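These notes are about the structure you will find just below.
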2 protein chains.
Amino acid sequence: MQRGQESLDAVKVRTLPVQVAAHLTRRIVRGDFEDGRAPSELDISREFGVSRVVARETLKILASLDIVDVAQGRRVVVRPRAEWDYLSPLLIEWLPEEIVGELLQELDQMRVLLEPELAAMAAASITDETLNRLRDELDRMAALEGDPDAYLEVDHEFHMEICRAADNRILDRIMYSARWLGTASRRITNEAPAALRKATADHAEIYEALLARDPARARAAMRKHLSNNSALLAEKKQQTKRAARRR
Amino acid sequence: MQRGQESLDAVKVRTLPVQVAAHLTRRIVRGDFEDGRAPSELDISREFGVSRVVARETLKILASLDIVDVAQGRRVVVRPRAEWDYLSPLLIEWLPEEIVGELLQELDQMRVLLEPELAAMAAASITDETLNRLRDELDRMAALEGDPDAYLEVDHEFHMEICRAADNRILDRIMYSARWLGTASRRITNEAPAALRKATADHAEIYEALLARDPARARAAMRKHLSNNSALLAEKKQQTKRAARRR
DNA sequence: AGGTCCAACTTGTCCTATAAGCTGATGACA
DNA sequence: TGTCATCAGCTTATAGGACAAGTTGGACCT
């Protein structure tokens with residue numbers, strides 16, 4: 001299986017269409033098709049040395065992320081960046097770090113708006129079963145403070161559990177879409193291990209509020225927890241800015 | 001071009017894969033594959049009388065909506081309904097009315113959480129240009145009170161304009177995903193034309209607050225506007241319940 | 001100059017073939 | 001009899017070639 005001039009053959013992590021889509025997206029971000037005309041199926045097929053089937057699926061992926069518009073007979077056109085699907089973990093993965101940094105802040109803003117309310121909603125309708133699972137996750141997190149990666153895995157599960165308890169499929173989906181936050185913020189939180197202990201205390205407080213089925217207290221506890229997180233992010237942003245100024 | 005036993009040939013509104021995906025989703029919702037094993041590419045190809053390419057793209061669509069899991073060598077499996085992408089207008093279109101009704105309420109809950117804050121954020125950073133567009137849309141809505149469909153079109157644009165002004169791509173995307181609300185709620189609002197005049201007044205108040213660049217007032221105005229909407233939805237829900245009880 | 005129409009290009013769909021990955025059942029071995 | 005390696009048969013992934021159908025821009029005619 002031969003490839004074209006673009007080297008895709010690093011490691012076969014994903015299917016060919018996904019790899020090609022990643023390359024193309026990066027080129028679009030770089031500004032290669034500023035006239036709005038993106039490569040056609042045949043162009044892609046030739047340039048990357050893949051079959052038309054793969055080129056086709058590549059365009060389907062880009063279209064599903066609202067990166068391009070595809071229609072029979074018409075040329076493929078790049079859509080305005082403002083309309084891209086920034087909720088998709090796939091897209092995030094392909095964006096340059098500085099944009100992801102900005103998105104991380106915007107996503108944090110969203111969490112601050114939603115999660116306290118989700119906690120309050122959950123407090124009103126949470127089941128004993130869910131409470132048990134939360135208790136369990138709490139214990140596991142306490143044991144994992146030395147391993148930030150594993151910790152954040154459980155951390156995310158803890159938050160999603162609460163989200164699910166709020167019993168709203170739309171909000172649940174939104175928070176689920178934000179799961180890439182975990183991967184992206186990992187780098188940040190790893191640098192500040194002391195924050196993990198603080199997080200554990202926060203989580204315990206949220207759990208207590210839910211156990212007491214007290215919406216107001218759950219909201220407040222979640223809000224406090226998130227404000228710690230936001231502070232960390234803002235600090236990181238400052239560092240990035242300083243680094244940029246040094247350049 | 002001949003079709004299989006399932007009749008897809010109503011009107012060619014969309015591509016074949018989309019039509020087949022719609023049919024399959026409806027069957028999944030109906031509970032046809034409760035064992036979790038969904039039809040394979042060949043199954044679909046045979047049953048609907050389409051080529052394997054189309055069957056393949058069908059599965060890709062279902063996978064992108066998190067309705068099924070597809071992997072090489074493994075059978076296609078249906079994912080738990082809780083994990084489906086309820087933010088996708090495509091999926092919503094294929095769901096039975098009663099589920100859409102529930103989702104409408106959950107979506108309303110989301111809007112109540114987000115939109116007032118979006119309005120407040122917008123008030124802090126809105127440009128004169130955006131204000132002009134809002135003014136224009138306000139005028140157009142006033143003229144369109146007799147035509148609910150056209151009215152709601154502009155209504156949606158008005159809300160999205162504010163959302164964009166808040167300058168947060170994530171939140172913007174979330175609200176954009178909720179655009180199916182327009183179509184779905186159209187039926188409801190059409191029944192209560194008096195509500196349109198009320199909405200116009202609400203919109204004007206929001207506009208005034210933005211013009212004054214007063215976040216708190218913008219938040220309050222938006223909250224009031226949405227509470228009217230929520231009331232309408234709740235009323236509709238009551239009617240549906242009564243109708244169900246009669247059955 | 002203005003309008004009509006067609007040729008070239010583009011995506012949509014079909015067919016057939018091969019590669020690659022998974023699963024369950026068969027059968028060898030302890 | 002129980003355990004484990006192996007493989008046949010299923011599945012998706014990719015390739016190549018063909019034709020249908022829709023769009024666009026330019027050639028051509030008036």
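All values below come from the heavy atoms of this structure, side chains included, with hydrogens, waters and symmetry mates left out. Owing to the predicted nature of the structure, the values given are computational and were not obtained by experimental measurement. Sequence lines set the chain letters: A, B, ... in the order given, protein chains first and strands last, and positions in each chain run from 1.
Counting to the nearest Å, the P atom of dG12(C) and the CD atom of Gln19(B) are 13 Å from each other. Computed from coordinates, the Ile61(A) CD1 to dT11(C) P distance equals 16 Å when rounded to whole Å. Counting to the nearest Å, the P atom of dG16(D) and the CD atom of Glu41(A) are 15 Å from each other. Across the protein-nucleic acid pair, Asp69(A) atom CG and dT24(D) atom P stand 13 Å apart, rounded to whole Å. Rounded to a whole Å, the CZ atom of Arg46(A) is 15 Å from the C1' atom of dG17(D). Regarding Ile44(A), its CD1 atom lies at a distance of 16 Å from the C1' atom of dT14(D), rounded to whole Å. The nearest whole Å value for the distance from the CZ atom in Arg74(A) to the P atom in dG22(D) is 12 Å. Between Phe48(B) atom CZ and dT13(C) atom P there is a gap of 15 Å when expressed in whole angstrom units.
Ion pairing of Arg81(A) with Glu34(A) is present here, as a side-chain N (NZ or NE/NH1/NH2) and a carboxylate O approach within less than 4.0 Å.
Residue Ser40(B) places at least one side-chain N or O closer than 4.0 Å to OP1 or OP2 of dT11(D). Note on Arg56(B): a side-chain N or O is less than 4.0 Å away from OP1 or OP2 of dA13(D). Distances shorter than 4.0 Å separate none of the side-chain N or O atoms of Ser51(A) from OP1 or OP2 on dT14(D). Taking 4.0 angstrom as the limit, Arg75(A) places a side-chain polar atom (N or O) nearer than this to OP1 or OP2 of dT10(C).
Under 3.5 Å, the side chain of Gln72(B) and the base of dA20(C) form at least one donor-acceptor pair of N or O atoms. Judged by distance alone, with hydrogens and angles left aside, Arg14(B) brings no side-chain donor or acceptor close enough to the base of dG12(C) to form a pair under 3.5 Å.
The stretch residues 53-62 of chain A participates, sequence neighbours left out, in these side chain to side chain donor-acceptor pair (under 3.5 Å) pairs: Glu41(A)-Arg56(A), Arg56(A)-Glu57(B), Glu57(A)-Arg56(B), Glu57(A)-Lys60(B), Lys60(A)-Glu57(B).
Picking from dC14(C), dT13(C), dA13(D) the nucleotide with the shortest atom distance to the side chain of Lys60(B) gives dA13(D). In this structure, of dA20(D), dT13(C), dT23(D), it is dT13(C) that holds the atom nearest to the side chain of Thr15(B).
Once rounded to the nearest 0.5 Å, the distance linking CD of Glu129(A) with CD of Glu161(A) reads 9.0 Å. Here Leu59(A) contributes atom CG and Ile44(A) contributes atom CD1; the two are 4.0 Å apart, rounded to the nearest 0.5 Å.
Residue order along DNA chain D, read from the 5' end via each residue's closest nucleotide, puts Pro17(A) first among Pro17(A) and Arg37(A). Each of Arg52(B) and Glu57(B) has a nearest nucleotide on DNA chain C; the 5'-most of these lies closest to Glu57(B). Between Gly73(A) and Val54(A), the residue anchored closer to the 5' end of DNA chain D is Val54(A), taking for each the nucleotide with the nearest heavy atom.
The shortest heavy-atom contact between Ala63(A) and Val70(A) is CB-CG2, 4.2 Å.
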